[in-house]
Amino acid sequence: MKTLIRQSIRTGITYGIVQIFFILIAFNTMVGIMLAKISGIKNPGEIPAAKFLIAYTILMGLWVGISALSKKKFLPAGHKLLAGFTAGLVSAILVGLLELAMTGILVNKIFIRDFLTVLSFDFIKATLFGLTPVLGIVVTMGAIVLGSLLAVGLNIVTNLNAVQEHWKKDLSFLKNLNDKFQRMIRGKYHLIWQIVGISILAVAVIFIPMKWGSYWNYVFGTVGLYVILGLGLNIIVGLSGQLVLGYIAFFAIGAYTMALLNAPEPHNLMWGFWPALLLGVLLAALSGILLGLPIMRLRGDYLAIVTLGFGEIIRILLKSDVLTDFTGGPRGIQNIQGPMLFGKPFNSEVDFVYLIIAGVLLASFVYNRLQQSRTGRAWLAIREDETVARASGVDTIKYKLLALAIGAAFAGLAGGIYASRNQFTGPDEHALMASINVLSLIIVGGMGNIPGTILGAFTLKGLPEILREFANFRLLAFGALLVFMMLSRPEGLIPSHRPKYDEPNEVSGEMKKKEVPHDQ
Amino acid sequence: MILNVDNISVNYGAINALRDISFTLNEGEIVALIGANGAGKSTSLNTVSGLLRPTTGKVEYLGSDITTVTPQAIVNLGIIQVPEGRKIFAKMSVWENLEMGAYTVKDRKVIQERYEMVYQKFPRLKERRNQPGGTLSGGEQQMLAIARGLMAGPKVLLLDEPSMGLSPILVEQIFDIIQEINKTGTSILLVEQNALMALAIADRGYVLDTGRIVLQGDADDLLHNPTVINAYLGGETTD
């Protein structure tokens with residue numbers, strides 16, 4: 001009981017702090033505006049109506065409650081109620097304290113925008129729902145607690161079979177519904193639901209880019225390119241276990257191959273998009289092997305340092321004055337030609353979004369197949385213990401080189417598309433920071449799996465773009481997010497599980513069709 | 001003679017780990033390499049399995065020189081090492097560990113037969129085949145390490161301290177299994193600190209000290225040799 005309360009208080013504090021950060025970056029008004037747009041208001045203005053902000057606050061409470069009850073589905077209902085309520089109350093108190101401080105700013109008319117950009121008086125008033133400060137704070141806290149109680153209710157309803165007997169009886173009709181629903185998803189209709197899900201996703205992917213304007217397509221495209229990069233680096237770091245830091249160099253090779261072969265300056269070769277893309281991928285893979293050969297004996301930190309050096313060498317070569325005639329030097333290369341498909345040129349962000357989505361699908365497919373193959377198991381063995389892998393007869397050098405080559409090829413693909421889409425590439429786009437970004441995104445998302453990589457790319461490349469309005473502030477929020485992430489979920493947002501350890505077949509029987517091991 | 005190690009020296013940087021040592025393994029034998037920490041026992045095994053390269057001397061297997069052959073090719077030839085300290089793949093399940101052991105085997109049928117053979121020898125592993133290797137107990141992990149070695153179908157099995165960190169009962173079990181494996185025709189090179197146990201099941205033995213072989217002979221003779229008794233068997237043992 002005591003540990004339960006202590007855990008809940010800790011959850012409450014953590015999520016209270018997260019909520020304070022959210023308010024400080026004006027995430028509440030942003031979500032409020034989104035909610036207003038969804039409910040049909042065309043022009044919600046900078047500050048949305050109070051009801052949307054209250055809805056946001058309830059959602060935050062719901063989040064706290066869900067987090068407080070995660071992995072607790074076998075608790076009796078009373079305990080769940082206690083845990084959810086405690087966590088909700090604690091975070092409500094924290095948020096209340098923040099609003100109290102904000103009220104102080106408002107009442108004393110302290111002008112604080114120089115330090116905290118978003119905290120304008122209007123914003124503070126909106127955060128208090130336009131009510132008097134005391135009432136506003138009470139409503140906020142009430143909404144958070146309400147949300148966490150909602151979470152408790154949801155948790156009890158969705159985990160009915162885990163709840164005590166007498167609860168089961170009272171709520172048996174709900175359990176029946178729940179069972180039916182579960183059967184519908186999992187049972188023989190499983191395939192149908194999958195198809196429905198995939199078609200909805202496909203329709204969304206096809207139609208949304210047409211609708212939501214070029215800025216969002218640009219952001220979406222960037223995220224997609226980073227997904228490809230993340231998957232490539234995941235093959236090297238996540239699957240084969242080699243910590244490579246200069247990864248963006250392969251991206252640069254793809255981008256510059258595209259640029260040099262398809263721009264009027266400095267060479268005016270004009271090969272066209274597709275051959276240049278293919279060559280870029282091949283050159284990146286080749287450079288992966290060339291980089292790999294001398295470093296095969298290195299492991300861990302030493303490998304990281306050497307590859308870091310490689311990345312910097314590529315960037316400095318591209319920037320150097322000596323090679324300006326060949327690479328365009330510090331100014332980079334402009335007017336890179338876009339692709340042609342079936343005789344039509346790409347002329348908008350939408351076309352590129354489709355191209356990038358195709359790239360992401362291809363990369364995910366290749367990644368998935370590799371992971372589940374014999375090669376994938378060899379990589380796993382190398383990652384776990386290279387010496388034992390060698391003693392088991394795995395040709396470690398071959399597989400490590402293979403990982404580098406394939407990972408580099410992914411980066412070459414992303415680089416080629418990137419240069420062509422932006423019609424420009426320059427040496428400073430390929431600085432160390434970009435390598436670190438890609439590495440962070442797979443760490444934040446969860447090492448070694450596709451959904452984690454996608455989520456990581458959205459968090460690391462998408463969020464900062466969306467938060468761009470808050471200029472300097474976003475990096476602060478972003479850094480805080482990273483610190484928080486590493487403390488609370490060191491394995492990433494979606495940790496890599498290897499849930500299926502089952503042997504493909506009973507040992508006594510003949511080996512049937514399923515010889516593929518169940519990685520993931 | 002299935003394995004002939006001829007005058008090899010191995011250096012780690014400036015340190016001589018092995019100085020001109022020679023030993024042999026005959027078909028069907030168990031040969032024990034015993035000695036204190038740092039005597040060069042594991043280094044000898046790693047040199048035979050190709051993980052280390054000798055600076056001088058050569059390793060011959062069935063009459064052909066394998067000194068410069070890669071580790072994976074040596075595995076293919078049928079020399080399998082079971083590394084020290086139960087190095088299993090902790091995140092892979094038991095059967096995946098075994099599958100890794102048979103990595104060089106292409107024929108699915110052969111692999112299937114070996115699974116059966118291994119599961120028969122180690123019923124515990126069959127019970128736990130879908131469990132991650134890291135969740136096994138120490139003794140089970142050692143069994144898994146040996147079983148993984150058997151999956152490759154070894155002609156020569158190199159065992160590196162199989163008794164390390166195990167309780168006496170488990171050590172006996174493991175050594176029984178080693179004898180059983182030997183009876184089915186696998187020659188065994190056994191590295192041990194537990195000299196008494198090792199010499200009790202071995203045909204012949206070599207005593208290593210700081211990179212040199214100081215004594216060699218029949219296991220029984222070594223068991224009764226006063227030097228060995230004083231140095232490795234705790235002095236008073238008269239057995």
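Every chain is numbered from 1 and lettered A, B, ... according to where its sequence line falls, protein lines coming before strand lines. All figures in this text were calculated on a predicted structure; none of them were measured in a lab.
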Between [X] and [Y], what is the shortest heavy-atom contact and its length?
| X | Y | result |
| --- | --- | --- |
| B:Val75 | A:Arg390 | CG2-O, 4.3 Å |
| A:Arg377 | B:Met92 | O-CE, 3.7 Å |
| A:Gly393 | B:Tyr103 | O-CD2, 4.2 Å |

Flag if over 12 foreign heavy atoms under 6.0 Å of CD1, A:Ile397: no

Heavy-atom count check: over 12 atoms from other residues, nucleotides or ligands less than 6.0 Å from B:Asp107 CG? yes

Tell me, do A:Leu380 and B:Met100 make a side-chain contact under 4.5 Å, heavy atoms counted? no

When B:Pro83 is tested against each of A:Val388, A:Asp385, A:Thr387 for side chain to side chain contact (heavy atoms under 4.5 Å, CB included), which residue passes? A:Val388

What's the spacing between B:Gln72 CD and A:Ser392 OG if we round to 0.5 Å? 11.0 Å

Test the A:Arg383-B:Phe89 pair against the cation-pi criterion, namely NZ or CZ under 6.0 angstrom from the six-membered ring centroid and within 45° of the ring axis. no

Using a 4.5 angstrom heavy-atom cutoff, name the option from B:Ala90, B:Ala102, B:Ala152 with the most pairs to chain A. B:Ala90

